[in-house]
2 protein chains.
Amino acid sequence: MNFNAITIRDIAKALGLSVSTVSKALRDSYEISTQTKKLVAEYAREHNYRPNPLAQSLKKGHSKTIGIVVSTIENQFFSQVINGIESVAYKAGFNVIITQTHESYELEVKNVAQLTHHALDGLLISLSAETKDVEHLQHLNKQGLPIVFFDRVSSDIKTHKVIADNLKGGYDATKHLIEAGYKRIAHITSPPNISITQERLAGYKQALKEAGRPIEEQYIKYCPHGGRDTEEVEIAINELLALPNKPDAIFTTSDRITTTTLFLLNKAGIKIPNDIALAGYTNTTLADVLNPPLTSVYQPAFEMGQKAADMLLQLILSKRPVTEFETITLPTQLFIRQSTHSVG
Amino acid sequence: MNFNAITIRDIAKALGLSVSTVSKALRDSYEISTQTKKLVAEYAREHNYRPNPLAQSLKKGHSKTIGIVVSTIENQFFSQVINGIESVAYKAGFNVIITQTHESYELEVKNVAQLTHHALDGLLISLSAETKDVEHLQHLNKQGLPIVFFDRVSSDIKTHKVIADNLKGGYDATKHLIEAGYKRIAHITSPPNISITQERLAGYKQALKEAGRPIEEQYIKYCPHGGRDTEEVEIAINELLALPNKPDAIFTTSDRITTTTLFLLNKAGIKIPNDIALAGYTNTTLADVLNPPLTSVYQPAFEMGQKAADMLLQLILSKRPVTEFETITLPTQLFIRQSTHSVG
DNA sequence: TTTATTTACGCAATCGTTTTCGTTTTAGGC
DNA sequence: GCCTAAAACGAAAACGATTGCGTAAATAAA
């Protein structure tokens with residue numbers, strides 16, 4: 001806005017009115033005559049007047065922008081969530097500012113600070129893989145900044161949350177592998193501190209238990225950065241392959257871990273599903289054209305974004321402090337494809 | 001910022017100073033004694049003072065935020081570009097606001113208006129597939145808003161631009177197909193009005209010409225929305241397949257067209273590359289694990305974002321109006337994979 | 001001791017709007 | 001023709017920060 005736009009004062013001067021009259025005319029106040037309103041409106045249109053949003057926000061005390069924190073928008077799951085958020089935010093006249101943590105706690109803290117440096121009406125966040133405490137958010141929340149968690153949430157802050165049914169997602173995938181005849185089902189997942197890891201792992205364990213299978217810790221591998229680095233997935237896979245009882249199936253969580261596992265197994269010449277079956281969380285639209293087509297747990301990302309934005313807007317627009325918070329759980333969908341074709 | 005943050009006035013009151021003194025102390029002015037500075041700094045830190053960015057921007061006349069317009073962040077090419085932009089913008093203390101056109105001219109105009117409604121120091125834009133005129137940008141540019149084009153540019157506005165070497169990209173892919181032994185090479189691309197279409201098409205034609213091949217319009221198909229809708233790709237493919245001389249290879253541009261073509265060919269039971277070979281533009285990290293692994297033209301998206309942001313910052317930060325503009329052309333890379341394995 | 005400087009701070013205008021609270025003008029009622 | 005009330009507009013104080021300028025106090029120079 002450094003470019004020279006015309007101001008309300010310019011209009012006032014040109015029309016021989018006061019700034020307050022112009023302002024009121026523009027906002028269609030009852031105090032202003034129809035004639036004057038027309039005059040002002042016309043002049044404003046002709047000269048392409050745009051109210052300075054900075055001044056408006058400063059005066060009104062809200063900026064009509066919300067912040068988003070995700071690990072990376074390169075992950076289709078998150079870009080879909082963001083699309084959902086934007087679809088409702090824009091309808092309500094809100095702008096969004098997106099920041100990425102790249103799974104780093106340090107960057108998360110920095111980004112949140114960056115965001116609040118700018119004027120924010122609310123924050124939508126999915127925690128980074130490294131994040132173990134949420135003091136940086138707690139403080140802001142106490143100060144009155146509305147926050148809504150989605151995907152990777154924290155139980156340490158009482159606020160609205162939107163998550164997928166991670167337990168069921170893990171359960172469904174694992175159960176499917178069991179029913180398809182696989183015996184030694186491994187699990188490669190994100191670090192244990194984040195909510196989705198715990199929930200999906202619980203689903204995995206529950207399915208095994210129900211089938212009377214033992215839960216073997218050697219089959220459970222964690223990637224400290226949720227698969228951000230290929231190496232961490234490679235280590236996990238190598239450890240699994242080095243086991244005396246190699247797994248005959250792998251259940252992966254997170255887009256990155258899933259696709260990296262697929263890549264590494266292919267690269268190692270391991271046939272999927274004949275040597276090892278693969279079922280993984282992913283929201284890529286490419287699951288159908290992968291080699292082989294991938295059995296996947298799909299999350300309603302767009303809806304998650306919509307819900308989260310809805311709830312945040314509700315918090316922002318609420319006249320009185322909200323004390324009752326809810327957690328929305330969205331169903332996931334298991335798509336069965338060739339990467340887990342039945343044994344025999 | 002509706003949440004009650006402390007202001008400079010609060011500090012002044014608490015410390016028995018004037019607001020100007022506090023402001024100057026915070027900005028480390030030579031006018032203020034070391035003691036007072038310490039006092040103020042300490043109080044500010046203890047009470048977690050953050051200058052109101054709105055007020056600062058209003059006063060200083062710049063907002064330290066830049067706007068980005070892309071077709072969709074779900075496209076990995078664009079999310080990579082955005083990563084590049086962010087990497088330089090944040091370093092310079094700038095925030096970015098991302099908007100998506102979803103290939104709609106109407107949405108593009110709307111978004112640009114939305115963005116300028118908010119305070120913007122500059123704009124980074126890749127035109128939508130529908131966009132044929134750029135008056136909505138010309139006006140802003142004339143008013144002094146710095147604009148840098150990337151990827152899909154317009155020749156109607158004189159400003160900095162960053163593009164990939166689209167001609168060479170199209171040329172390389174086509175030449176590779178020719179050398180691999182394919183005879184009837186089709187081309188499915190974006191609408192003819194956008195720059196990348198024209199340039200890549202020119203590369204395609206050049207390679208054919210050099211090889212002494214005829215250029216047959218029946219082999220060139222346009223998708224009005226750059227593959228946004230599966231149907232438009234389906235129509236193109238069906239038309240190609242209905243030809244008396246069906247193509248034995250297809251060169252596709254844009255991520256969406258490429259992956260959709262792959263999907264549709266697979267679905268139709270057409271073997272790649274045996275029945276029809278496929279080479280396509282894509283920046284997905286999944287090209288290696290597609291079925292089959294896809295020969296692709298890869299664009300240096302991250303670098304493109306960096307360069308574009310660099311140039312925009314240069315424009316924004318320049319003291320005097322810039323009149324000399326340059327267009328940077330980045331090289332693309334052809335990755336040869338199984339989808340175009342040599343004939344015979 | 002007087003004058004000149006420096007040091008350290010406060011006043012007030014400013015950025016562009018919004019909004020409260022006058023004030024003027026006009027019309028209406030008698 | 002006078003009073004009252006409504007209608008239409010303006011003055012000024014915000015919002016929170018920045019900054020040029022004025023000024024008191026402290027120090028140095030004469």
Side-chain angles (χ1 to χ4, degrees), chain A residues 1-41 43-44 47-65 116-121 143-144, chain B residues 1-41 43-44 47-65 116-121 143-144:
Chain A
M1 224 55 159
N2 62 8
F3 56 103
N4 46 347
I6 83 166
T7 75
I8 220 171
R9 202 179 314 270
D10 297 327
I11 302 183
K13 218 168 280 174
L15 263 39
L17 294 168
S18 77
V19 291
S20 42
T21 303
V22 174
S23 173
K24 286 173 191 168
L26 255 14
R27 318 205 81 241
D28 200 31
S29 159
Y30 69 97
E31 291 183 84
I32 306 300
S33 74
T34 330
Q35 297 176 43
T36 310
K37 279 182 192 169
K38 275 208 178 120
L39 202 69
V40 171
Y43 188 94
H47 292 73
N48 203 37
Y49 167 77
R50 297 259 167 254
N52 184 324
L54 253 26
Q56 269 180 325
S57 295
L58 177 60
K59 184 65 192 174
K60 293 194 183 162
H62 56 247
S63 58
K64 296 225 121 190
T65 104
T116 56
H117 266 231
H118 281 66
L120 263 205
D121 287 347
Q143 279 205 321
Chain B
M1 223 58 159
N2 61 9
F3 58 101
N4 45 347
I6 82 165
T7 76
I8 218 170
R9 202 180 314 270
D10 297 328
I11 302 183
K13 219 168 278 174
L15 263 38
L17 294 168
S18 77
V19 290
S20 45
T21 302
V22 175
S23 173
K24 287 171 188 168
L26 254 14
R27 316 205 82 241
D28 200 30
S29 160
Y30 68 97
E31 290 183 84
I32 306 299
S33 73
T34 329
Q35 297 175 44
T36 311
K37 279 182 191 170
K38 275 207 177 123
L39 203 69
V40 171
Y43 189 93
H47 292 72
N48 202 39
Y49 167 76
R50 297 261 167 249
N52 184 323
L54 254 24
Q56 268 180 327
S57 295
L58 178 59
K59 181 66 188 171
K60 294 193 182 163
H62 55 246
S63 58
K64 296 224 121 191
T65 103
T116 55
H117 266 229
H118 281 67
L120 263 204
D121 287 347
Q143 280 205 319

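Chain identifiers are assigned alphabetically (A, B, ...) following the order of the sequence lines, protein sequences preceding nucleic acid strands; residue numbering begins at 1 within each chain. Note: hydrogens, waters and symmetry copies are ignored here, and every other heavy atom, side chains too, is used.
Residues A/S18 and A/T21 have side chains that bring a donor and an acceptor to within less than 3.5 angstrom of each other. A donor atom on one side chain and an acceptor atom on the other are found under 3.5 Å apart for B/S33 and B/T36.
Closest non-hydrogen pair, A/V22 versus A/I11, comes out as CG1-CG2, 3.9 Å.
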Give the dot-bracket string for DNA chain C, reading 5' to 3', where a pair is Watson-Crick or G-U wobble with both distances under 3.5 Å, ( ) marks pairs inside the strand, [ ] marks pairs crossing earlier ones, | marks a partner on another strand, and . marks unpaired.
-> ||||||||||||||||||||||||||||||

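Using a 4.0 Å heavy-atom distance criterion, B/T36 is classed as a sugar-phosphate-only contact. Among the protein residues, B/R9 comes within range of the nucleic acid bases, having at least one heavy atom under 4.0 Å from a base atom. Note on A/S33: only backbone sugar-phosphate atoms sit closer than 4.0 angstrom, heavy atoms only; bases stay farther off.
OP1 or OP2 of C/dG10 lies within a sub-4.0 Å distance of a side-chain N or O belonging to B/S18. In this model, the phosphate group of D/dT19 is approached by a side-chain N or O of B/R27 to a distance below 4.0 Å at OP1 or OP2.
What separates CG of B/L15 from P of C/dG10 is a distance of 10 Å, to the nearest Å. Atom CD1 of A/I32 is separated from atom C1' of D/dG10 by 9 Å (rounded to the nearest Å). D/dC15 atom P lies 14 Å from atom CG of B/L58, rounded to whole Å. As a whole-Å value, the separation of B/Q56 CD from D/dC15 P is 17 Å. If you measure from atom OH of A/Y30 to atom P of D/dA8, you get 11 Å, rounded to the nearest angstrom. Rounded to whole Å, atom C1' of D/dT19 lies 12 Å from atom CD1 of B/I8. Taking atom CD1 of A/I11 as the reference point, atom P of D/dG10 lies 14 Å away to the nearest angstrom. In this structure, A/K37 atom NZ and D/dA8 atom P are separated by 9 Å, rounded to whole Å.
You'll find a donor-acceptor pair under 3.5 Å spanning the side chain of A/K59 and the base of C/dT18, going by distance alone.
Each of B/L17 and B/K60 was assigned the nucleotide of DNA chain C with the nearest heavy atom; the assignment lying further toward the 5' end belongs to B/L17. Between B/S20 and B/A55, it is B/S20 whose nearest contact on DNA chain C lies nearer the 5' terminus.
The main-chain N or O of A/A55 is never found under 3.5 Å from a side-chain atom of A/K60 such that the two would form a donor-acceptor pair. The main-chain N or O of A/P53 is found under 3.5 Å from a side-chain atom of A/S57 such that the two form a donor-acceptor pair.
Once rounded to the nearest 0.5 Å, the distance linking CG of A/D10 with OH of A/Y43 reads 7.0 Å.
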Would you tabulate the nitrogen or oxygen pairs shorter than 3.5 Å linking the protein to nucleotides 21-28 of chain D?
{"unit_1": "D/dC21", "atom_1": "N4", "unit_2": "B/E31", "atom_2": "OE1", "d": "3.0"}

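The side chain of B/Y49 has D/dA17 as its nearest neighbour among D/dA17, C/dT17, D/dC9.
Side-chain contact between B/Q35 and B/K37 is absent, with no heavy-atom pair separated by less than 4.5 Å. A heavy-atom distance below 4.5 Å is found between the side chains of B/N48 and B/R50. Considering only heavy atoms from C-beta on, B/Y49 comes within 4.5 Å of B/I8 through its side chain. Under the 4.5 Å side-chain criterion, counting only non-hydrogen atoms from C-beta, A/T65 is not in contact with A/D121.
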